[in-house]
Number of protein chains: 2
Amino acid sequence: MAPRGRRTARVSGDERQDAILTTAEALLGERSFDDVSIEELARGAGISRPTFYFYFSSKDEMLLALLDRVISEVEHRVSELPRNFESDPAGAWTRSIGMFVEVFVAHRGVATAAIAARARNDEVRALWSKSMQSWVDFSSDVIASEQARGAAPDGIDAHDLAVSLNLMNERVITAVLNREIPAIAESHALDVLSTIWIRSIYGSVNPGRS
Amino acid sequence: MAPRGRRTARVSGDERQDAILTTAEALLGERSFDDVSIEELARGAGISRPTFYFYFSSKDEMLLALLDRVISEVEHRVSELPRNFESDPAGAWTRSIGMFVEVFVAHRGVATAAIAARARNDEVRALWSKSMQSWVDFSSDVIASEQARGAAPDGIDAHDLAVSLNLMNERVITAVLNREIPAIAESHALDVLSTIWIRSIYGSVNPGRS
DNA sequence: CGAGAGAGTCAACACCGTGTTGATACCTCG
DNA sequence: CGAGGTATCAACACGGTGTTGACTCTCTCG
């Protein structure tokens with residue numbers, strides 16, 4: 001039943017929860033997780049600090065909710081990645097890595113906060129690890145099949161290679177997004193990463209089309 | 001003047017400072033920086049919490065002192081790295097990366113704490129960045145000269161490549177040391193990293209000796 | 001309609017870790 | 001001996017997290 005004429009005095013619980021998460025994404029865009037107090041999150045959502053605890057049992061719990069949304073997006077997008085690497089390996093890898101970059105750019109604040117929280121919070125670590133594994137499994141499968149069909153040389157375990165390259169992506173992209181030193185120019189990032197992936201997977205500068 | 005017969009009731013300031021740093025390295029080996037309180041550091045060094053502030057103005061300041069020692073070691077060891085890449089490129093790179101790995105392994109606690117603190121503390125960030133740059137400059141110089149002499153293909157900026165590969169090392173090694181998932185086996189790490197470096201620098205599986 | 005039941009809210013409180021202050025003891029050197 | 005730097009710590013102030021208990025609003029059902 002929609003509220004008529006006179007609006008309901010109180011906004012619904014779900015809206016409040018969303019308001020908290022929205023406030024959080026916004027604040028994490030400008031400041032670090034530690035520098036955002038629960039007080040601010042609550043004020044941003046129009047409630048008092050204790051009421052925040054009605055919605056989330058802790059600040060980390062809220063980060064988990066934020067991260068959960070991102071993970072769903074990641075798993076969905078990874079499952080839709082094309083697997084036709086035979087015809088244009090370089091292009092296919094570049095598109096895959098590009099998607100990785102896009103997700104990080106779109107959720108920079110959450111990603112940075114999660115990476116920091118990972119060190120102290122088991123649940124955050126588990127959730128982050130789940131998302132990294134989506135990418136690792138995808139790339140590991142593709143590398144293994146490229147090795148199987150003879151397009152990529154053996155001499156390195158497909159899974160080890162996939163893990164290392166994905167960790168490189170994570171680290172290089174956060175360095176770029178947080179304007180660290182040393183880092184590379186944002187405009188080069190995708191190009192540089194793709195080049196490294198392709199050279200180290202195929203052992204050559206120019207993997208042949210077939 | 002050495003204390004005679006009767007020992008000085010009070011241990012010297014320098015010893016106390018060292019005791020704090022030693023306690024810190026030990027505790028950081030088992031717990032995260034945030035989980036180590038100043039109270040514990042002080043107790044470990046046989047002093048009270050306020051006295052800790054006589055030696056360091058904050059916990060971060062102490063981390064800085066810890067990191068400073070590591071940086072000196074890094075700069076020293078980097079400057080001693082051989083540069084004879086012409087005769088045995090693969091071996092030379094493996095030895096260089098091996099040294100990177102060694103430093104991380106030897107100072108695992110400090111490295112992990114510094115990486116976490118980097119996000120919130122400017123001085124830690126600056127110091128860490130200085131140490132990364134030692135490695136980046138070294139590798140960037142070597143890559144550029146390999147490209148110049150025609151042993152390594154162009155098509156990627158030497159500095160961008162050096163930054164990315166060094167960031168990969170940082171991330172992969174911390175993942176290994178902290179037993180993250182996904183990560184690779186500690187015993188493979190050096191081998192996997194070297195392979196990726198060599199393939200992506202030389203654009204081939206087997207850079208020729210000359 | 002009116003008495004629960006739930007959801008939602010918050011003032012006040014307890015706690016813990018950081019950083020500060022001021023008083024005091026010790027040690028050395030003129 | 002006594003002045004001045006070195007070293008020490010009890011007690012305090014502060015800020016952020018998480019908890020409690022009482023209150024209000026709204027919806028439902030006899």
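So that the names make sense, note that chain A is the first sequence line, chain B the second, and so on, each numbered from 1.
The salt bridge (Lys or Arg N to Asp or Glu O under 4.0 Å) contacts involving residues 161-176 of chain B comprise Glu170(A)-Arg171(B), Arg171(A)-Glu170(B), Arg118(B)-Glu170(B), Arg171(B)-Glu180(B), where partners must be two or more places apart or lie in separate chains. Annotation: salt bridge (Lys or Arg N to Asp or Glu O under 4.0 Å) contacts involving residues 186-202 of chain B, sequence neighbours excluded, are absent. Screening residues 125-145 of chain A for salt bridge (Lys or Arg N to Asp or Glu O under 4.0 Å) gives Asp122(A)-Arg125(A) as the qualifying pairs, with residues at least two apart or on separate chains.
OP1 or OP2 of dA7(D) has not a single side-chain nitrogen or oxygen of Tyr55(B) nearer than 4.0 Å. Between Arg16(B) and the phosphate of dT6(D), there is no side-chain N or O to OP1/OP2 separation shorter than 4.0 Å. The side chain of Thr51(A) places no N or O atom within less than 4.0 Å of a non-bridging phosphate oxygen (OP1 or OP2) of dG8(C).
Taking a 4.0 Å limit (strictly below) on heavy-atom distances, residues 19-35 of chain B does not reach DNA chain D anywhere. Within a heavy-atom distance below 4.0 Å of DNA chain D, the residues of residues 57-67 of chain A found are Ser58(A), Lys59(A). The stretch residues 110-122 of chain B has no heavy atom under 4.0 Å from DNA chain D, so no residue of it qualifies as close.
When distances are taken from the side chain of Tyr53(B) to each of dT18(C), dT8(D), dC10(C), the shortest belongs to dT18(C). Closest to the side chain of Pro50(B), from the set dT21(C), dT8(D), dA12(C), is dT21(C). Taking the side chain of Ser48(A) as heavy atoms from C-beta on, and the options dC10(C), dT18(C), dT6(D), the nearest nucleotide is dC10(C). Side-chain proximity of Ser37(B) to the nucleotides dT17(D), dG17(C), dC10(C) is greatest for dG17(C).
Side-chain contact check for Glu75(A) and Ser79(A): no donor-acceptor pair (N or O, by modelled atom type) lies under 3.5 Å.
For the pair Ile38(A) CD1 and dC10(C) C1', the interatomic distance rounds to 15 Å; values are reported in whole Å. If you take CD of Gln17(B) and P of dT8(D), they are 11 Å apart, rounded to a whole angstrom. As a whole-Å value, the separation of Phe56(B) CZ from dT8(D) P is 13 Å. Atom pair Phe52(A):CZ and dT19(D):P shows a separation of 12 Å (rounding to whole Å applied). Atom P of nucleotide dC14(D) and atom CD of Glu39(A) are separated by 17 Å, given to the nearest angstrom. As a whole-Å value, the separation of Phe54(A) CZ from dG18(D) C1' is 16 Å. Atom P of nucleotide dT8(D) and atom CZ of Arg43(B) are separated by 17 Å, given to the nearest angstrom. Atom CD in Glu40(B) sits roughly 14 Å away from atom P in dC16(C) (whole-Å rounding).
Between Val36(B) and Ile47(A), the one whose closest nucleotide on DNA chain C sits nearer the 5' end is Ile47(A).
Rounding to the nearest 0.5 angstrom, the gap separating the CZ atom in Phe52(A) from the CD1 atom in Ile47(A) is 7.5 Å. Atoms CG and CH2, on Leu167(A) and Trp135(A) in that order, are 12.0 Å from each other to the nearest 0.5 Å.
Relative ring orientation between Phe100(B) and Phe104(B) is described as parallel, the plane-to-plane angle staying below 30° on a 0-90° scale split at 30° and 60°. Below 30°, between 30° and 60°, or above 60°: for Phe138(B) and Trp93(B) the angle between ring planes is above 60°, a perpendicular geometry.
Under a 3.5 Å cut-off, the side chain of Glu25(A) and the backbone N or O of Thr22(A) do not form any donor-acceptor pair.
Counting all heavy atoms, side chain and backbone alike, Ala175(A) lies closest to Pro182(A) at CB-O, 4.3 Å. Between Ser58(B) and Tyr53(B), the shortest heavy-atom contact is CA-CE2, 4.3 Å.
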Yes or no on side-chain contact (heavy atoms from CB on, under 4.5 Å) for Asp157(A) and Val192(B), after CA distance, side-chain angles and deciding distance?
-> CA-CA 8 Å; Asp157(A) 178 75; Val192(B) 171; over 6 Å; no
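Contact annotation: side chain of Arg49(B) to base of dG17(C), donor-acceptor pair absent below 3.5 Å.
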